[in-house]
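Reading through the structure tokens given below for one structure.
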Amino acid sequence: MEIEFIPLDYSAFDFNDENYVKIYGRSREGRRICLIDKIDAYFWAILQDGLSEKQIKHVMEKIEKIKVHSESRTTHVLKTELHEKKFLGQDVKAVKISITNYKDAPSVAGKIDFEEIVKRREHDLGTITHYIMSGKVIPLKWFKVSGDVLNKSGDFGGIDSAINADFVLKVGSIKESDKKSDELFSPKILAYDIEVDELEIGKGRILMISLYGGDFRKVLTWKKEGNDIDFVEHCKSEADMLEKFCDYIKTEDPDILTGYFSDNFDMSYIRERAKKLEVKLPIGLDSSQPRISGAKRQSAKIEGIVHLDIYKFVDVNYSQYLQSETLSLNEVAGELLSEKKLNFEFKHFSKLSKDEWNKFFHYNLQDSALTYKLAEKIWPDLMEFSRIMHKPLFDVSRDGMSTHVEDYILHNLYRFNEIAEKRPIHDEIGERRDREKYEGAFVLQPKPGLYENVVVFDFTSFWPSIIATFNLSRSTILEKKLKSCIIVDTGNKEFYFTPTKGFFPELLEEIIVKRKEYKEVFKKNPDPIVKARSNAFKLIANAAYGYQGFFGARYYCPQASASATAISRKFIKETLEKIKKSGREVIYIDTDSLIFVNQNKKTNKRYTAQETFHFLKELNSELPGIMELDLEDFYMRGLWVTTRSGEVGAKKKYALINENGKLKIRGFETVRRDWCKLARNLQNGVLRKILNEGNEINALQYTKEIIKKLKDRKIDSKDIIIKTQLKKPISGYKSKGPHVLAAEKMLKEGIPVDVGMLIEYYISEPKKDAKGKPNSRSKRIGNRVALIDDNKPYDISYYLNNQVLPAVENIFQVFGIETKDIIEGESQKRLF
DNA sequence: GGAGGTGACGTACC
DNA sequence: ACCGGTACGTCACCTCC
């Protein structure tokens with residue numbers, strides 16, 4: 001039988017103590033297919049230099065005799081082959097050791113402690129990664145597969161009769177489809193969401209489960225309410241509801257089952273309840289139950305169906321581009337879909353009225369609907385990530401950036417004939433984490449002020465372009481200086497790199513080139529797949545620099561990172577001098593961007609756009625390799641302020657307005673979620689007015705109005721709420737700030753508190769003693785925290801002196817105005 | 001008991 | 001445990017006078 005096939009999910013299994021992979025996917029016709037393929041289990045032993053043929057033969061014979069016994073099986077070496085390979089760019093002779101079971105590769109490797117073997121490698125890969133590295137079946141690409149259909153033949157112990165697929169096929173040959181292998185595939189998605197009466201897993205019951213698959217809409221419940229809602233289906237009991245949930249997954253037959261935070265919450269909750277109620281959850285295509293692994297960061301895997309937790313993917317790949325202050329379903333859907341959750345006020349379910357129950361069902365369904373739509377929205381990115389990084393959807397949706405970078409490298413090593421480096425072992429990780437920090441990028445101290453006619457230049461893909469241009473990597477670093485090598489002076493130490501391109505810099509250069517290419521293609525043809533592809537390359541490129549300094553990296557090389565930052569400082573400073581030399585005044589620099597006044601300081605001549613582009617071209621002609629400077633935008637005005645303590649200009653804090661009146665605010669309290677809305681909105685208004693109008697007059701008036709409102713207690717209660725994240729368990733805090741005390745207060749009132757939660761509170765007036773003086777406990781701000789429902793008056797003095805004034809003071813200082821004097825003057829005037 | 005320094009902490013920038 | 005360093009600012013907590 002021959003079919004066209006797209007792989008979606010992988011899982012490994014053993015038969016007769018050997019390794020096989022089940023690859024679940026669809027045919028062109030939409031049939032559910034499961035392929036079975038043999039995994040070639042092997043790893044490498046790198047030989048000592050200069051061994052004789054006889055010595056090599058002797059070692060290989062020794063290796064062939066190795067056997068490893070465990071309780072359930074014996075693994076032995078099938079064969080050994082001698083290969084000419086590369087390791088970290090060096091030519092090596094290596095023995096390919098094929099074994100019966102890859103799971104025992106580490107144990108077999110452990111027995112090869114002969115002195116002729118200098119290194120053992122590729123025994124520490126995940127089984128599926130090891131399989132995919134063979135390059136045979138790339139996730140989410142189309143393949144032409146031929147092979148034998150297992151038709152209750154008893155092959156593999158009759159595995160096919162246990163798999164819920166249209167065909168189970170034993171792979172004969174497989175190759176990439178000659179038709180467009182990268183075209184869009186639309187998976188069948190089913191979203192789910194649960195509502196419970198107690199948030200803590202294991203404590204409460206599941207009240208309802210919603211399912212949403214486009215046309216398919218369902219809320220399952222064992223409660224009696226909701227009779228007049230068509231999508232509500234009543235179950236006899238909670239156990240019955242869980243069984244129906246499984247039944248619907250079976251009949252809907254989705255490729256992707258998706259939830260929001262479902263790894264840590266929904267699926268874990270369902271599993272706990274199922275355990276307690278003694279219900280089986282046979283939703284896997286082999287009728288297995290969901291498997292939940294990991295402790296703090298759990299993941300729930302379903303055999304054959306991709307369980308997708310959208311929260312994780314959003315966290316890793318979107319959060320830095322989102323405005324949302326939290327990654328709650330409500331905020332993320334609001335920003336990505338312009339659609340929100342339904343309003344629903346949670347109460348104990350025993351207190352819900354008929355009407356409120358009906359709302360609850362709609363609320364529950366809407367959550368699944370939003371999750372479904374988010375899944376559709378992120379699908380192009382998921383698919384392209386999967387294709388580009390050669391990773392199954394399950395992993396691509398859960399892994400962090402460093403793992404993405406590493407997997408991209410691993411899956412491209414074959415092109416360089418490279419054997420993969422090992423993962424660091426425990427002691428190494430400890431050492432790496434204890435290493436001294438290396439010096440980072442350059443940040444220029446700005447001179448506070450309001451500037452006009454401002455331009456921003458920035459380096460495109462700064463870090464990767466430096467790494468690629470100067471060949472900075474683990475496999476290219478030299479122990480000593482050679483006659484012709486790249487010398488990097490970090491100011492502290494010198495590092496040397498070979499000029500022969502290494503695989504890491506080369507891959508990076510390729511990534512940058514591809515990114516540029518697809519960005520151009522997208523400009524001409526705005527196809528979401530092309531955009532997703534360009535985006536995937538951008539993300540890998542940006543993370544590659546951090547990867548080399550990351551303690552867990554296989555290709556860890558802090559010297560390369562330190563060299564990259566040293567080179568970055570050199571070029572940004574050189575560019576600074578060139579801009580200055582052109583007569584322009586540079587206001588600010590951070591890492592890869594330079595902000596300057598686009599006019600000659602002496603002659604006051606304003607440069608035209610054309611002259612600016614010409615200048616840019618000139619600067620670019622002097623840059624090496626693939627380093628490139630780009631024009632980010634022209635701005636009408638820009639504002640820089642001093643730090644709160646001292647006279648110097650504050651770094652990482654500025655506001656710009658471009659020629660279309662669009663603001664770009666960085667670092668100011670306006671963009672910080674741990675400041676109250678009152679201060680943030682005021683500061684935003686002040687900045688907007690100043691940048692628009694070029695002076696502070698209206699901004700000052702506005703500030704006075706807000707302060708009057710504050711003093712008159714006319715501020716909306718939601719604008720005084722301060723939100724701070726609880727980053728660790730309460731007991732882990734040495735110094736308990738207001739948010740920690742607020743969290744303690746919540747616990748006392750029976751409100752559940754979790755690590756990672758945004759704690760919301762406000763500051764109330766101090767308690768006074770008999771004489772009317774604030775008591776000494778009140779000095780600590782934490783002792784005055786109030787929760788939203790506390791209904792205590794807010795502390796005017798705190799909000800004035802600790803929120804409002806700090807947010808605007810140094811802005812007005814730029815214009816020589818001491819806000820405090822003015823405010824006090826005003827209040828004195830009023831007093832008299 | 002107020003001033004001032006320092007460490008812990010959270011968040012932002014690139 | 002799940003990419004790096006740089007930087008600002010608040011609050012708690014301590015020492016000092």
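Since this is a predicted model, take the numbers as computed values, not measurements. Naming convention: chains lettered A, B, ... in sequence-line order (proteins, then strands); numbering from 1 in each chain.
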Identify all side-chain donor-acceptor contacts of residues 534-549 of chain A below 3.5 Å with residues at least two apart in sequence or on another chain.
unit_1: A:Tyr545; atom_1: OH; unit_2: A:Tyr438; atom_2: OH; d: 3.1
unit_1: A:Tyr547; atom_1: OH; unit_2: A:Glu406; atom_2: OE1; d: 2.3
unit_1: A:Tyr547; atom_1: OH; unit_2: A:Arg554; atom_2: N; d: 3.3
unit_1: A:Tyr547; atom_1: OH; unit_2: A:Tyr555; atom_2: N; d: 3.2
unit_1: A:Gln548; atom_1: NE2; unit_2: A:Leu472; atom_2: O; d: 3.4

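Between A:Asp590 and A:Lys651 there is no salt bridge, since no side-chain nitrogen of the basic residue lies less than 4.0 Å from a carboxylate oxygen of the acidic one. Between A:Glu428 and A:Arg433 there is no salt bridge, since none of the side-chain N atoms of the basic residue sits less than 4.0 Å from a carboxylate O of the acidic one.
Sequence order on DNA chain C of the closest nucleotides to A:Arg297 and A:Glu439 puts A:Arg297 first from the 5' end.
Residue contacts for A:Pro806: at a heavy-atom cut-off of 4.0 Å it reaches the sugar-phosphate backbone alone, with no base atom in range. Among the atoms of the strands shown, only primed sugar atoms or phosphate atoms (P, OP1, OP2) are found under 4.0 Å from some heavy atom of A:Asn802. Within 4.0 Å (heavy atoms only), A:Phe462 reaches no atom of the nucleic acid at all. Looking at heavy-atom distances under 4.0 Å, A:Gly546 makes contact with a base. Across all strands shown, A:Arg435 has heavy atoms under 4.0 Å from sugar-phosphate atoms exclusively, and none from any base.
The nucleotide range of DNA chain C contacted by chain A, defined by atoms under 4.0 angstrom from heavy atoms of the protein and reported 5' to 3', is C:dA1 to C:dC13.
Between A:Tyr588 and A:Tyr654, a ring centre-to-centre spacing shorter than 6.0 Å is recorded.
Scanning for ring pair (Phe, Tyr, Trp, His ring centres under 6.0 Å) contacts around A:Tyr556 gives an empty result, with sequence neighbours left out. Remark: A:Tyr311 engages no residue in a side chain to side chain donor-acceptor pair (under 3.5 Å) (not counting sequence neighbours).
Note that A:Arg637 lies outside the cation-pi zone of A:Tyr635, set by a 6.0 Å cut-off to the ring centre and a 45° limit from the axis. With A:Tyr733 as the aromatic partner, A:Lys728 meets the cation-pi criteria of under 6.0 angstrom to the ring centre and within 45 degrees of the ring axis.
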Per-nucleotide protein contact string for nucleotides 9-14 of chain B (B base, S sugar-phosphate only, - none; heavy atom under 4.0 Å): SBBSBS

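A heavy-atom distance below 4.5 Å is found between the side chains of A:Leu805 and A:Ile707. With contacts defined as side-chain heavy-atom distances shorter than 4.5 Å, the pair A:Asp399/A:Phe385 does not qualify.
Helix-axis bend for the helix from B:dG1-C:dC17 to B:dC14-C:dG4: the local axis fitted to the five terminal pairs at one end deviates from that at the other end by 10°, rounded to 10°.
One distance of note links CG of A:Asn264 with CZ of A:Arg297; it measures 9.0 Å at 0.5 Å rounding.
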